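What follows is a single structure, written as structure tokens, with notes after it.
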Amino acid sequence: MSKVSMRKFLYPLLLVLVTIGLLYVEKYVDHKQNEPNLIEGEKPKFDTKTELLPTSTTGSIIHHNYYSLSYAEDHEQAEWVAYELNKEQLVNNDFKRPYFEIDLAVPTGAAHWRNYKKSGYDRGHLCPAADREFSREAYEETFLTSNISPQLNAFNAGIWNRLEQKVRYWAKSYDGVYVITGGVLENDLEQIGTEGVSVPREFYKILYDVRNGEHTAIAFLFPHQASNEGLYTFVTSIDHIERRTGIDFFSTLPDTIENELEKSSDLKKWSLK
DNA sequence: CTGTACTGC
DNA sequence: GCAGTACAG
């Protein structure tokens, strides 16, 4: 091909291809921006970014788009993960499970998923993937290693799974709930992998809601083992979980409300059937 | 739903 | 590493 025909045909062809490429990129970017951040036009039921966050014993609070966490570097996992679960967010999108990725927002460096490989423990979500299926971005954000903890499969797929399903039922029934989840992190825990990811002996979950201006909460603490018992068996007080973890929950609420919430779980307001 | 493992590229 | 598939609780 001569230099003249090169200019006449190849350059215009290149120009067309580049233009198509740019149009495609623009369309793709627009599409991403149109995906809902929470739900479009929907006011959050709770002030998720500030008011309801627990304290951090590590000083390493990280805000993602669809949940927040406090990372404990000594244990290579979060001491808590917190998020609001809206009724409108409960949709089934059959997204393919991606690989877990290191959470680059953790300044000290989050663990690699290989620590869990052949450890005998699941990569157990703290914020469940099924709670963030309203967009691909939200779903994939749950597959960060800052959002998992080593869990026995018999526990994760068993009573822990049943509680997660109950949380989705509550979110649907009560038009949204606020969820705080984590393992109890202590000094002498078993560790797995080259980075030493701690294996908690207990896991907790706290649910909070406001209905008709009334604050209510329920707290669960499970031994890290399989169980066929009812969920009510593991109901405890927020005060108890605070003593076990050193974390202060709902400290930004007025003291009278905080004290009332924390001294006991209000079983009557959380249907466990 | 919660996950793992294996095959083949 | 990724896709597809199979399988277990």
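The structure presented is a predicted model; accordingly, all values stated were derived computationally and were not measured. Naming convention: chains lettered A, B, ... in sequence-line order (proteins, then strands); numbering from 1 in each chain.
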From CD1 of A:I159 across to P of B:dG3 the rounded distance in Å is 16 Å

note: A:F155, atom CZ; B:dC1, atom P; distance rounded to Å ~ 19 Å

By nearest-nucleotide position on DNA chain B, the 5'-leaning member of A:E133 and A:Y121 is A:E133

Testing C:dG9, C:dG1, B:dT4 for proximity to the side chain of A:D122, the answer is B:dT4

message: When you measure from the side-chain N and O atoms of A:N156 to the phosphate of B:dG3, is any distance below 4.0 Å, counting only OP1 and OP2?
response: yes

For this session: Identify whether any heavy atom of A:A130 sits under 4.0 Å from a base atom; if not, whether one sits that close to sugar-phosphate; answer base, sugar-phosphate or nothing.
Result: sugar-phosphate

When rounded to whole Å, the CG to P distance for the pair A:D94 and C:dA3 reads 14 Å

query = Under 4.0 angstrom, heavy atoms only, what part of the nucleic acid is A:E101 near: base, sugar-phosphate, or nothing?
reply = nothing

* To do: Give a yes/no on whether any side-chain N or O of A:H125 is located under 4.0 angstrom from OP1 or OP2 of B:dG3.
  => yes

Check whether NZ of the Lys or CZ of the Arg A:K166 lies under 6.0 Å from the centre of the six-membered ring of A:Y169 and within 45 degrees of that ring's axis. yes

Using a heavy-atom cut-off of under 4.0 Å over every strand shown, decide if A:R162 touches base, sugar-phosphate, or nothing. nothing

TODO: Measure from NZ or CZ of A:K205 to the centre of the six-membered ring of A:W160, then state whether that distance is under 6.0 Å and the direction lies within 45° of the axis.
DONE: yes

Taken to the nearest whole Å, CD/A:Q225 to C1'/C:dG9 is 17 Å

For this session: For A:E164, report the nucleic acid contact type (base, sugar-phosphate, nothing); a contact means any heavy atom under 4.0 Å.
Result: sugar-phosphate

Rounded to whole Å, the CG-P distance (A:L126 to B:dT2) equals 13 Å

Taking B:dT4, C:dA3, C:dG9 as options, the one with an atom nearest any side-chain atom of A:R123 is B:dT4

Exercise for the section: Describe, in one word, how the ring planes of A:F222 and A:F220 are oriented to each other, choosing from parallel (under 30°), tilted (30 to 60°) and perpendicular (over 60°). Expected result: parallel

* Ignoring backbone atoms, test whether A:R97 places a side-chain nitrogen or oxygen under 4.0 Å from the OP1 or OP2 oxygen of C:dT5. => no

Here the distance between atom P of B:dT2 and atom CG of A:N147, to the nearest Å, is 12 Å

Exercise. Identify whether the distance between the nearest side-chain nitrogen and carboxylate oxygen of A:D175 and A:R211 falls below 4.0 Å.
Key: no

Between CG of A:L152 and C1' of C:dA8 the distance, given in whole Å, is 15 Å

Between NE2 of A:H224 and C1' of B:dT2 the distance, given in whole Å, is 13 Å

Just wondering, more than 12 heavy atoms not from A:E202 lying within 6.0 Å of its CD?
yes

Of the candidates B:dA5, C:dA3, B:dC1, the side chain of A:K117 sits closest to B:dA5

